[in-house]
Asker: 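This is the structure, below, for whatever I ask next.
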Amino acid sequence: QVPLVESGGGSVQAGGSLRLSCTPFWYMHANGCMFWFRQAPGKEREGVAVIGYSGATIYADSVKDRFTISGDNAGHTLYLQMNSLNPEDTAMYYCAAPTRPRDWSECQGFRGDNYWGQGTQVTVSS
């Protein structure tokens, strides 16, 4: 296991943008996919986006057309570009990777045992 580390969170006004980063990215190739999850106070943890080694991506309906998940092989970094942020996006955001090789069909469900980063806080004010 190599620790996952997120960065890039912060406080922004509604309508603003942030880009979250997570390293290392090679887990996507080793275990099939990588994820971004988030958890707001009083809410259950929810899957935000997943990217597979093929480049395929899936997004939660709540963030479609606003968030983009991507990876940089050269920089060994997973990204989550977040645009048009609103207060409902306020949450702790976590990078995650499967603990074992996982098929894309399994990745799509946002289920299974994952390695987790420590989280980075995103706060959006109105």
Side-chain angles (χ1 to χ4, degrees):
Q1 179 184 352
V2 176
L4 293 168
V5 180
E6 305 101 331
S7 62
S11 298
V12 298
Q13 295 286 325
S17 298
L18 286 172
R19 188 178 72 164
L20 307 183
S21 299
C22 171
T23 59
F25 181 54
W26 59 262
Y27 273 112
M28 184 191 74
H29 300 285
N31 288 354
C33 56
M34 288 188 70
F35 306 89
W36 286 101
F37 286 80
R38 67 184 182 186
Q39 186 168 27
K43 303 290 185 179
E44 295 184 358
R45 179 178 289 168
E46 63 175 339
V48 174
V50 57
I51 183 169
Y53 69 86
S54 69
T57 58
I58 294 176
Y59 299 90
D61 287 342
S62 59
V63 306
K64 285 181 179 177
D65 302 318
R66 297 190 298 119
F67 291 10
T68 302
I69 186 171
S70 64
D72 180 350
N73 287 327
H76 308 112
T77 304
L78 177 72
Y79 297 104
L80 184 68
Q81 178 66 46
M82 305 184 295
N83 298 324
S84 301
L85 287 163
N86 61 66
E88 293 184 345
D89 295 315
T90 294
M92 185 73 74
Y93 283 72
Y94 298 92
C95 174
T99 58
R100 60 172 178 81
R102 189 176 297 169
D103 293 333
W104 177 238
S105 60
E106 299 175 276
C107 294
Q108 294 180 77
F110 292 90
R111 296 187 296 271
D113 294 331
N114 294 319
Y115 297 122
W116 298 93
Q118 83 289 348
T120 186
Q121 179 67 39
V122 171
T123 302
V124 185
S125 59
S126 59

Asker: Under 3.5 Å, side chain of Thr90 to main-chain N/O of Thr123, donor-acceptor pair present?
Answerer: no
Asker: Let me check something: do Met34 and Phe37 share a hydrophobic cluster, defined by ILVMFWY side-chain heavy atoms less than 4.5 Å apart, either directly or through other members?
Answerer: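 Hydrophobic grouping puts Met34 apart from Phe37.
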Asker: So, Trp104 versus Tyr53, ring centres under 6.0 angstrom or not?
Answerer: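 No: the rings miss the under 6.0 Å criterion.
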Asker: Is Val122 close to Leu20 at the side-chain level, that is, under 4.5 Å between some pair of heavy atoms?
Answerer: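 The answer is yes; the side chains approach within 4.5 Å.
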Asker: Write down the atom of Ser84, the atom of Arg66, and the distance for their closest heavy-atom approach.
Answerer: O-NH1, 3.0 Å
Asker: Fit a plane to each ring of Tyr115 and Tyr27, take the angle between them on a 0 to 90° scale, and name the class: parallel (under 30°), tilted (30 to 60°) or perpendicular (over 60°).
Answerer: tilted
Asker: For the pair Glu6 (side chain) and Gly119 (backbone), establish whether a donor and an acceptor sit closer than 3.5 Å, ignoring hydrogens and angles.
Answerer: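 The answer is yes, because a donor-acceptor pair under 3.5 Å joins these two groups.
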Asker: Spell out, as yes or no, whether a donor-acceptor pair under 3.5 Å connects the side chain of Asp72 to the backbone of Ala74.
Answerer: yes
Asker: Side-chain heavy atoms under 4.5 angstrom apart, residues restricted to Ile, Leu, Val, Met, Phe, Trp, Tyr: same cluster for Met28 and Ile58?
Answerer: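 They do not share one cluster, since no chain of ILVMFWY contacts under 4.5 Å joins Met28 to Ile58.
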Asker: Determine the interplanar angle of the His29 and Phe25 rings, folded into 0 to 90°, and report it as parallel if under 30°, tilted if 30 to 60°, perpendicular if over 60°.
Answerer: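 Plane angle over 60°, so perpendicular.
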Asker: State, to 0.1 Å, how close Ala91 and Arg38 come at their nearest heavy-atom pair, and which atoms those are.
Answerer: CB-CB, 3.8 Å
Asker: Using the rule that two of Ile, Leu, Val, Met, Phe, Trp, Tyr join whenever any of their side-chain heavy atoms come within less than 4.5 Å, decide whether Leu80 and Val12 are in one cluster.
Answerer: yes
Asker: Do Tyr59 and Phe67 have ring centroids that are under 6.0 Å from one another?
Answerer: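 No, the ring of Phe67 stays outside the 6.0 Å limit from the ring of Tyr59, centre to centre.
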Asker: Taking all non-hydrogen atoms of both residues, which atom of Tyr79 and which atom of Trp36 are closest, and how far apart?
Answerer: O-NE1, 3.3 Å
Asker: Measure the spacing between CD of Gln81 and OG of Ser70 and express it to the nearest 0.5 Å.
Answerer: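 Gln81 CD to Ser70 OG: 8.0 Å, rounded to 0.5 Å.
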Asker: Taking the basic N atoms (NZ, or NE/NH1/NH2) and the acidic carboxylate oxygens, is any pair closer than 4.0 Å for Glu106 and Arg100?
Answerer: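 Looking at Arg100 together with Glu106, the answer is yes, because their closest N to O distance falls below 4.0 Å.
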Asker: Would you say Leu4 and Trp26 are hydrophobically clustered, going by side-chain heavy atoms of ILVMFWY under 4.5 Å?
Answerer: yes
Asker: For Pro98, is there any backbone N or O sitting under 3.5 Å from a side-chain donor or acceptor partner on Asn31?
Answerer: yes
Asker: Heavy-atom distance under 4.5 Å between the side chains of Leu78 and Ser21, does that happen here?
Answerer: no
Asker: CD of Glu88: more than 12 outside heavy atoms within 6.0 angstrom?
Answerer: no
Asker: Hey, is CG on Asn73 packed in by over 12 heavy atoms from elsewhere, all under 6.0 Å?
Answerer: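 Above 12, so yes.
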Asker: If you measure from CG on Asn86 to OG on Ser125, what distance do you get to the nearest 0.5 Å?
Answerer: 11.5 Å
Asker: Would you name the heavy atoms of Val63 and Val48 that are closest together and state the gap between them?
Answerer: CG2-O, 3.7 Å
Asker: Can you measure from CE (Met82) to CG (Leu18) and round to the nearest 0.5 angstrom?
Answerer: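 Met82 atom CE to Leu18 atom CG measures 4.5 Å (nearest 0.5 Å).
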Asker: Would you mind reporting whether Val5 and Gln118 have side-chain heavy atoms less than 4.5 Å apart?
Answerer: yes
Asker: If we count only N and O atoms by modelled type, under 3.5 Å, do the side chains of Asn83 and Arg19 hold a donor and an acceptor together?
Answerer: no
Asker: Looking only at heavy atoms, which two atoms of Ala96 and Asn114 are closest? And how far apart?
Answerer: CB-CB, 4.0 Å
Asker: Can a donor-acceptor pair be found, under 3.5 Å and without considering hydrogens, that links the side chain of Arg102 to the backbone of Ala97?
Answerer: no
Asker: Could you report the tightest heavy-atom contact between Gly47 and Ala60, atom names first, then the distance?
Answerer: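 Shortest heavy-atom separation between Gly47 and Ala60 comes out as O-CB, 3.4 Å.
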Asker: Is there side-chain contact between Tyr94 and Arg45, with heavy atoms separated by less than 4.5 Å?
Answerer: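 Yes, close enough: below the 4.5 Å cut-off.
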Asker: Quick check for you: to the nearest 0.5 Å, what is the distance between Phe110 atom CZ and Cys33 atom SG?
Answerer: 9.0 Å
